[in-house]
Each structure stands twice: as structure tokens, then as C-alpha cells.
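Worksheet for the structure shown next.
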Number of protein chains: 2
Amino acid sequence: MKSLDRLLSCFRRMPGIGPKQAERLAMYVLRAPQSDIQDLAETLMETKSAIRLCSQCCDYSEDPICPICADESRDRTLICVVEDAQDVAAVEKSRTYRGIYHVLHGALSSLRGVGPRDIRIRELLERLSHGVVAVSEVIVATDPDADGETTALYLASQIKPMGIAVTRIACGVPLGGDLDYIDEWTLSHSLAGRRPLEN
Amino acid sequence: MKSLDRLLSCFRRMPGIGPKQAERLAMYVLRAPQSDIQDLAETLMETKSAIRLCSQCCDYSEDPICPICADESRDRTLICVVEDAQDVAAVEKSRTYRGIYHVLHGALSSLRGVGPRDIRIRELLERLSHGVVAVSEVIVATDPDADGETTALYLASQIKPMGIAVTRIACGVPLGGDLDYIDEWTLSHSLAGRRPLEN
């Protein structure tokens, strides 16, 4: 069946979808009411056309400026730099951050051939040098892996000369974790990053 | 973002898609080229409108009669009854079956309230009593679980009085399996179903 084969190959292109899961999804499409599938197809097209990048932080947004950048109550002197849009949601869930964001849409990677021009670093540097409000601190919250660290170091080398503080989120033992089960790299990071106990 | 929320809830309705995977799929939609998503949306609608049930075996098909039922070289006196369309593909992959199929689209289940009228049993019985070619054997290849067994027993009670042989696929130790790791129910089935060694 030609249309089914095309559907399977569409599903296979999606992240985390293997051949078995693609088959299950295709069977769902065949079984589901016509209205559900029409709804899905329309929502796909609508999402694709309605959502663009916020002109300030590069996060996905339906408006030219995203709700966080438009929120007057947020601290505009503090920018948290993350790799992906999902990371913004993760930091927001912690409910402790009141600054604004910048979404890079990736991380530098020599292995995958991702250079500074391939992610939204230029937009960040422009915000810092030509923004209306002077930024006092950039918190680099890229992932704690090789690419994330490379990106953090590169950003620091570009931003520090502007006289803006650049900080990195703390790496260490997760809360509720069991030392027994923590990998040695995290533990050594956690030891190196030890801080005096305040009482 | 309203359209993104709608897209997430569309993905959440799909089988095997949890909240995290729905998020990943939504991010894929935002990142992917417009043409890929348009292709997906169009293929969804096309599949939904092009694919119906084969008028003979009830398998999904783009034509009124599916390729297997239309294949003149297949043995029409042998019908293999399966629960789902995927099961047809699984039996076909074994390359040993040359008969035709009947897809029930489910199994009887007192727990889930699925009765004989909810699945394609009526269509099977009609094929058997009014078919052009007299069927000599019905192989019941429903799943080897409680619902599949119930369905097999019900089918036998309906079909045997027609003078047609009803057989059940063999249950036992899978090839390449390790007896140590086989559950006790399978093993007891396998012992009960033992056959004389031919040499």
C-alpha cells in the first residue's frame, strides 16, 4: 500500500521512532476516527505556520516577541543561555529564575561540524552589545556534556571582553541521588566544586 | 502557545507516546523543513481516505480486494484468522503460509467488554458459509493470551458445526530460546504439546 509506506517513512523520520513504533502509529492512524486524523493534520500545518522565533531570545513563539521577553516583571539584566527550547521550559519549572533567556538552538560540536555561525550565537552577542538594557550577567546553562562545555567556553571568550559576568550552572550530585549510583565524572566534578558549609 | 498545546495533545493520543516523547515530536515538527511537515500532513489525510477494509478478509487495503485475496496462486481452502493487520505481515514474513487470511480487528474480551459483534466474526462466518470456494481448514492464529484463547474457543464452537476443521497455532518454547529463561506457563504448554520425535 503506497500511502501506508509513505506514512511509515514519514514516521521513521521522527526522533525516537523505530520501525515497530512507526507501525503502531500507522495502525493508530488507520483505526482512529477520521476527525482525529484531520485534527492532527491541520494542527501540524497550523503549528508550522503559526510558530516562529522570538526576535529577542530566539525561543519558539506565536507572537513576534515571546511571553517571557514581553513580561515587564522579568529581570532584563540577567540572561540564561540554553541549547534548546525545551531547556527554557525546564528552567521555568524550577520557579527560581526571574531573568530572561537566549535559545542557541544547538551547541558547538567539532564532531558534528557545528560552528559558531550554525547556532544563534551572533544574535546573543548583538543583544549584549546593542540591547536597550545593559546586561550584567550571562548564565550559561548549556548541557553538562562535551559540546555544552565547548559552547560555554566559547561564549565566555566572546562575552567577558564586553565587561559582562559569565557564569556556568553548577555541576554535581543531583538532589535525592545516591552517591553509590552516581558516575565517577559527576562525583569528581562535585568534589572539585565543593563549597564551605554555612551555618 | 495554543497550536503547540493542541499538537502535544494530538501526539499524546497516539499509542506508546508519553509526555516526553510528545515534546520531542513537537520539537521535531518545529525544527523540520516546512516541506517535510506538509508531506506528513498530506500523507496522513491521504492514507486515511485511501485505505479501507478488504471486502473479503477485512485487512487494510487501498483496493476493494487486498493483494493477498486477489492473488490467484494462494490456497483459498485455507484461512488463517488473526487479531490485527500487523499479524498478517508477521505470518507473511515466515514465508511458509500460502493460504489466505481473515483479520478480526481485535479479540473477544469479557474484561474490556468486547463481544462477538464488536469484531469481524460475522464476516468470517459469512465467508465460510457463502464463499465461492469451500474452505477446508481455519487456522486460528490469535495471540496466545487469555483473550486470544477465548476467541479461539468461540470460533471453534461456531465453525466446527459447519464441518470445517479448526486448528490452533502451536504454543511452546520459541526457537533459539533458553529453557532457563522461559516462563513456567509457556514451558508447561510446551510439555503438554510434546510430539513424537521423527527420525
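In the text below, chain A, chain B and the rest are named by the order of the sequence lines, each starting its count at 1.
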Show, in sequence, the C-alpha distance, side-chain angles and deciding distance for B:Q34 and A:M45, and conclude whether the side chain to side chain contact (heavy atoms under 4.5 Å, CB included) test is met.
CA-CA 9 Å; B:Q34 173 84 26; A:M45 292 311 294; 3.7 Å; yes
As a quick check of understanding, evaluate side chain to side chain contact (heavy atoms under 4.5 Å, CB included) for A:I17 and B:I17, giving each step before the final call.
CA-CA 10 Å; A:I17 306 289; B:I17 306 288; 4.3 Å; yes
Taking it one step at a time, do A:L44 and B:F11 satisfy side chain to side chain contact (heavy atoms under 4.5 Å, CB included)?
CA-CA 10 Å; A:L44 279 167; B:F11 283 141; 4.2 Å; yes
Walk me through whether B:R24 and A:D84 qualify under salt bridge (charged side-chain N to carboxylate O under 4.0 Å, His left out).
CA-CA 11 Å; B:R24 278 178 82 188; A:D84 296 305; over 6 Å; no
With side chain to side chain contact (heavy atoms under 4.5 Å, CB included) as the test, would you mind laying out the steps for B:L7 and A:E46 before giving the verdict?
CA-CA 9 Å; B:L7 186 63; A:E46 198 186 297; over 6 Å; no
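Residue with the most contacts toward chain B among A:E23, A:K2, A:R31: A:R31 (heavy-atom pairs, distance under 4.5 Å).
Between B:H105 atom NE2 and A:M27 atom CE the span is 9.0 Å, to the nearest 0.5 Å. Note that CZ of B:R52 and CG of A:L30 are 13.0 Å apart. Values are rounded to the nearest 0.5 Å. Summarising the geometry, atom CE belonging to A:M14 is positioned 5.5 Å from atom CG belonging to B:L25; distances are rounded to the nearest 0.5 Å. Atom CG in B:D5 sits 11.0 Å away from atom OG1 in A:T43 (nearest 0.5 Å).
Within 6.0 Å of CZ on B:R117 lie no more than 12 heavy atoms contributed by other residues, nucleotides or ligands. More than 12 heavy atoms of other residues, nucleotides or ligands lie within 6.0 Å of CZ in A:R98, so this atom counts as buried by the packing criterion.
B:L124 is not connected to B:I65 by any chain of hydrophobic side-chain contacts under 4.5 Å among Ile, Leu, Val, Met, Phe, Trp and Tyr, and they are in different clusters. Note: the hydrophobic cluster containing B:V103 does not contain B:Y60 (ILVMFWY, side chain heavy atoms under 4.5 Å, direct or indirect links). The hydrophobic cluster containing B:V114 also contains B:V81, counting ILVMFWY residues as joined when their side-chain heavy atoms lie under 4.5 angstrom apart, directly or transitively. A single hydrophobic cluster is seen to contain both A:Y154 and A:V140, as judged by linkage of ILVMFWY side chains at heavy-atom distances under 4.5 Å, directly or through other members. Placement of A:I139 and A:V88 within a single hydrophobic cluster is found when ILVMFWY residues are connected by side-chain heavy-atom separations under 4.5 Å, directly or transitively.
In this structure the side chain of B:I37 never reaches within 4.5 angstrom of the side chain of A:T47, judged on heavy atoms.
Between the side chain of A:K48 and the backbone N or O of B:A32, at least one donor-acceptor pair lies under 3.5 Å. At distances below 3.5 Å, at least one donor-acceptor pair connects side-chain atoms of A:E62 with backbone N or O atoms of B:S3. A:Q21 contributes a side-chain N or O that, together with a main-chain N or O of B:P15, makes up a donor-acceptor pair within less than 3.5 Å.
Contact annotation for B:I51: only side-chain heavy atoms (C-beta onward) come within less than 4.5 Å of a heavy atom of chain A. Of the two parts of A:D63, neither the backbone nor the side chain holds a non-hydrogen atom closer than 4.5 Å to a non-hydrogen atom of chain B. Both the backbone and the side chain of A:R13 come within less than 4.5 Å of a heavy atom in chain B.
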